[in-house]
Peer 1: 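First, the structure itself, so that you have it in front of you.
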Amino acid sequence: MENQMQKVRNVIKALFFSLILISCSTIKKSSEKTDEVRKILVTITNYNMVYYKTIVQDLKKPIESYLKNYLLKFELCSKDIDSNSRKISKEEITFLKSKFKNQNIVRLDRLNPKLENLTKTKGKSKTSFITLPIVFRNNSMAIYYSYTANGGGFNLLQKRNNKWEHICSNTVWIE
């Protein structure tokens, strides 16, 4: 009887330590992605005046509703971008939809207090309203949605030499 109890304790200990290890690796992956998002936000805010809170909808529609194959064609990108980087697969669209659907409004100044060009004024026509970027393709590509008073669309970024670069945009609507 005592031998069986010891076996049960050992199994419980093994399960407990396994859960801790899994939890730690999940936290590490999550923080790595958050670090990438912070780097991307620095890139975005370097060339845009951005509203300090993210968006989850545009024109009273959730952002994921705009994720359609024809709205994610980045064929007009620069010719120095290889054509495979510009194509978003159906599987990636499904992944992106789930990520955009699960986004909440986030204060960018709290996520990364060092961001420049953040504003709390909504009325300026030069202000961009953005979603959090979503990283995909093994942290080599990212996409986010933005709009200004003149239109909205998806922006594609690529990581090159450990830096994020805006490579292309595709308009969803224009005024």
Side-chain angles (χ1 to χ4, degrees), residues 19-68 71-72 74 85 88 91-175:
L19 287 173
I20 288 174
L21 287 174
I22 290 169
S23 173
C24 289
S25 72
T26 303
I27 290 169
K28 182 179 179 195
K29 286 180 184 176
S30 175
S31 68
E32 286 171 359
K33 286 198 175 187
T34 302
D35 289 341
E36 288 303 320
V37 167
R38 286 184 180 126
K39 289 177 188 175
I40 294 166
L41 289 170
V42 168
T43 301
I44 295 169
T45 59
N46 277 342
Y47 60 89
N48 284 323
M49 180 62 70
V50 175
Y51 190 63
Y52 79 111
K53 287 184 182 178
T54 61
I55 59 170
V56 293
Q57 62 179 357
D58 184 17
L59 301 175
K60 298 183 181 179
K61 293 169 75 174
I63 301 301
E64 72 267 12
S65 69
Y66 295 119
L67 283 159
K68 310 237 186 283
L71 293 174
L72 292 173
F74 295 97
S85 295
I88 309 292
E91 294 82 15
E92 288 171 328
I93 291 173
T94 301
F95 170 77
L96 294 171
K97 275 186 179 187
S98 73
K99 292 295 185 181
F100 276 114
K101 185 176 185 170
N102 291 321
Q103 282 192 354
N104 295 311
I105 295 173
V106 173
R107 282 189 54 168
L108 296 173
D109 56 343
R110 289 186 181 160
L111 183 63
N112 188 348
K114 296 177 184 174
L115 291 176
E116 297 179 22
N117 293 327
L118 291 183
T119 182
K120 292 186 178 183
T121 306
K122 283 187 174 183
K124 295 184 179 178
S125 63
K126 294 181 181 180
T127 301
S128 293
F129 299 85
I130 66 170
T131 64
L132 279 178
I134 297 171
V135 180
F136 63 107
R137 288 193 193 158
N138 295 321
N139 288 341
S140 68
M141 302 291 286
I143 192 169
Y144 70 98
Y145 184 89
S146 69
Y147 76 84
T148 64
N150 301 324
F154 291 100
N155 301 276
L156 191 62
L157 296 103
Q158 186 174 36
K159 193 174 189 180
R160 294 183 185 163
N161 300 324
N162 211 24
K163 289 186 178 182
W164 287 98
E165 296 178 21
H166 181 270
I167 61 168
C168 201
S169 297
N170 196 19
T171 304
V172 171
W173 66 273
I174 192 164
E175 188 172 291

Peer 1: Identify the heavy atoms of E64 and K101 that sit nearest to each other, and give their distance.
Peer 2: OE1-CA, 3.4 Å
Peer 1: Quick one: NE2 on H166 to SG on C168, what's the gap to the nearest 0.5 Å?
Peer 2: 7.0 Å
Peer 1: Would you mind listing every side-chain hydrogen bond (donor to acceptor under 3.5 Å, both in side chains) that reaches into residues 109-118, with sequence neighbours excluded?
Peer 2: R107-D109
Peer 1: Quick one: are I88 and R137 in side-chain contact, heavy atoms under 4.5 Å?
Peer 2: yes
Peer 1: Any side-chain heavy-atom pair from K159 and E36 closer than 4.5 angstrom?
Peer 2: yes
Peer 1: First locate atom CZ of F129, then atom OH of Y51, and finally report the distance between them rounded to the nearest 0.5 Å.
Peer 2: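 One gets 6.5 Å once the value is rounded to the nearest 0.5 Å.
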Peer 1: State the OG-CD1 distance between S128 and I44, to the nearest 0.5 angstrom.
Peer 2: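 Result: 9.5 Å between the selected atoms.
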Peer 1: Give the C-alpha distance, both sets of side-chain angles, the deciding distance and a yes or no for side chain to side chain contact (heavy atoms under 4.5 Å, CB included) between W164 and V42.
Peer 2: CA-CA 9 Å; W164 287 98; V42 168; over 6 Å; no
Peer 1: What distance separates T131 OG1 from I105 CD1, expressed to the nearest 0.5 Å?
Peer 2: 12.0 Å
Peer 1: Using side chain to side chain donor-acceptor pair (under 3.5 Å) as the criterion, list what pairs up with N48, not counting sequence neighbours.
Peer 2: none
Peer 1: Less than 3.5 Å apart, which donor and acceptor atoms pair up between the side chains of residues 52-59 and the rest of the protein, not counting sequence neighbours?
Peer 2:
| from | atom 1 | to | atom 2 | distance (Å) |
| --- | --- | --- | --- | --- |
| T54 | OG1 | V106 | N | 2.8 |
| D58 | OD2 | Y145 | OH | 2.5 |
| D58 | OD2 | W173 | NE1 | 2.6 |

Peer 1: Given side chains that start at C-beta, do those of L108 and I130 come closer than 4.5 Å, heavy atoms only?
Peer 2: yes
Peer 1: Give the C-alpha distance, both sets of side-chain angles, the deciding distance and a yes or no for side chain to side chain contact (heavy atoms under 4.5 Å, CB included) between I63 and Q103.
Peer 2: CA-CA 10 Å; I63 301 301; Q103 282 192 354; over 6 Å; no
Peer 1: List the steps and the verdict of side chain to side chain contact (heavy atoms under 4.5 Å, CB included) for L132 and V37.
Peer 2: CA-CA 7 Å; L132 279 178; V37 167; 4.1 Å; yes
Peer 1: Please tell me if the side chains of L72 and I143 come closer than 4.5 Å, counting only heavy atoms from C-beta onward.
Peer 2: yes
Peer 1: Looking at CZ of F154 and CZ of F100, how far apart are the two atoms once the value is rounded to the nearest 0.5 Å?
Peer 2: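 Answer for the CZ-CZ pair, F154 versus F100, is 5.5 Å.
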Peer 1: When you compare the side chain of R38 with that of L111, does any pair of heavy atoms fall below 4.5 Å?
Peer 2: yes
Peer 1: Take L115 and V50 through the test side chain to side chain contact (heavy atoms under 4.5 Å, CB included) and record every step on the way to the result.
Peer 2: CA-CA 10 Å; L115 291 176; V50 175; over 6 Å; no
Peer 1: A quick test of your reading: do over 12 heavy atoms of other residues, nucleotides or ligands sit less than 6.0 Å from CG of N138?
Peer 2: no
Peer 1: Please round to the nearest 0.5 Å and tell me the distance separating atom CG of L156 and atom OH of Y144.
Peer 2: 10.5 Å
Peer 1: Closest approach of P62 and S65, non-hydrogen atoms and distance?
Peer 2: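 Answer, listing the atom of P62 first, then S65: O-OG, 2.6 Å.
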